[in-house]
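Please read these numbers as outputs of a predicted model, since none were measured by experiment. Positions are given from 1, in the same order as the sequence printed here.
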Amino acid sequence: MPSALRLFRYVAIAEACSWAGLLTGMYFKYIVESGDLGVKIFGPIHGLLFVLYVAGVLAAARQARWSVGTAVLGLACAVPPFTSLWFERRMLGGDREPVTV
């Protein structure tokens with residue numbers, strides 16, 4: 001697998017994991033009201049991984065020659081929690097046909 005696609009895969013997975021950490025931190029901050037340590041830790045981590053995911057989508061789109069619509073879909077998948085995993089699986093997940101928009 002070319003390096004840009006491998007980078008995209010790793011960053012998509014890491015970005016989803018950071019969503020899990022951030023959402024857990026937000027649960028404890030706003031629902032349980034036991035402090036904001038989780039948000040202070042996972043907020044910046046998620047922010048960095050979000051930016052890396054955007055860069056990874058752009059690099060993978062260029063390398064794999066995705067259509068503009070597919071690249072925009074990949075960028076949009078950075079916003080809702082865990083959709084980066086869905087997009088990564090659709091684009092790089094084994095025998096499946098890639099998404100074309």
With a 4.5 Å cut-off on side-chain heavy-atom distances among I, L, V, M, F, W and Y, is there a chain of contacts connecting [X] to [Y]?
| X | Y | answer |
| --- | --- | --- |
| Ile31 | Leu37 | no |
| Met26 | Phe28 | no |
| Tyr10 | Leu48 | no |
| Ile13 | Val51 | no |
| Phe50 | Leu58 | yes |

What are the two closest heavy atoms between [X] and [Y], and how far apart are they?
| X | Y | answer |
| --- | --- | --- |
| Leu85 | Ala16 | CG-CB, 3.4 Å |
| Pro81 | Leu23 | CB-CD1, 4.0 Å |
| Ser84 | Glu15 | OG-OE1, 2.7 Å |
| Tyr53 | Cys77 | OH-CB, 3.9 Å |
| Gln63 | Ser3 | OE1-N, 4.5 Å |
| Ala60 | Leu5 | CB-CD2, 3.5 Å |

Mutual orientation of the aromatic rings belonging to Trp66 and Phe8 [parallel < 30°, tilted 30-60°, perpendicular > 60°]: perpendicular
CH2 on Trp19 to OG1 on Thr83, rounded to 0.5 Å: 8.5 Å
Rounded distance [0.5 Å steps], CG in Leu52 versus OG in Ser18: 10.0 Å
All pairs passing salt bridge (charged side-chain N to carboxylate O under 4.0 Å, His left out) where residues 27-50 contributes a residue, at least two apart: Asp36-Lys40
Pair Thr70-Phe87, side-chain contact (heavy atoms from CB on, under 4.5 Å): steps then yes or no: CA-CA 10 Å; Thr70 301; Phe87 184 74; 4.0 Å; yes
Residue pair Leu22, Ile45: steps toward the side-chain contact (heavy atoms from CB on, under 4.5 Å) verdict: CA-CA 9 Å; Leu22 183 58; Ile45 292 170; over 6 Å; no
Close side-chain approach of Arg9 and Arg89, heavy atoms under 4.5 Å: yes
Val11 side chain reached by Glu88 side chain, heavy atoms, under 4.5 Å: no
Exceeds 12 heavy-atom contacts within 6.0 angstrom, atom CZ of Phe82: yes
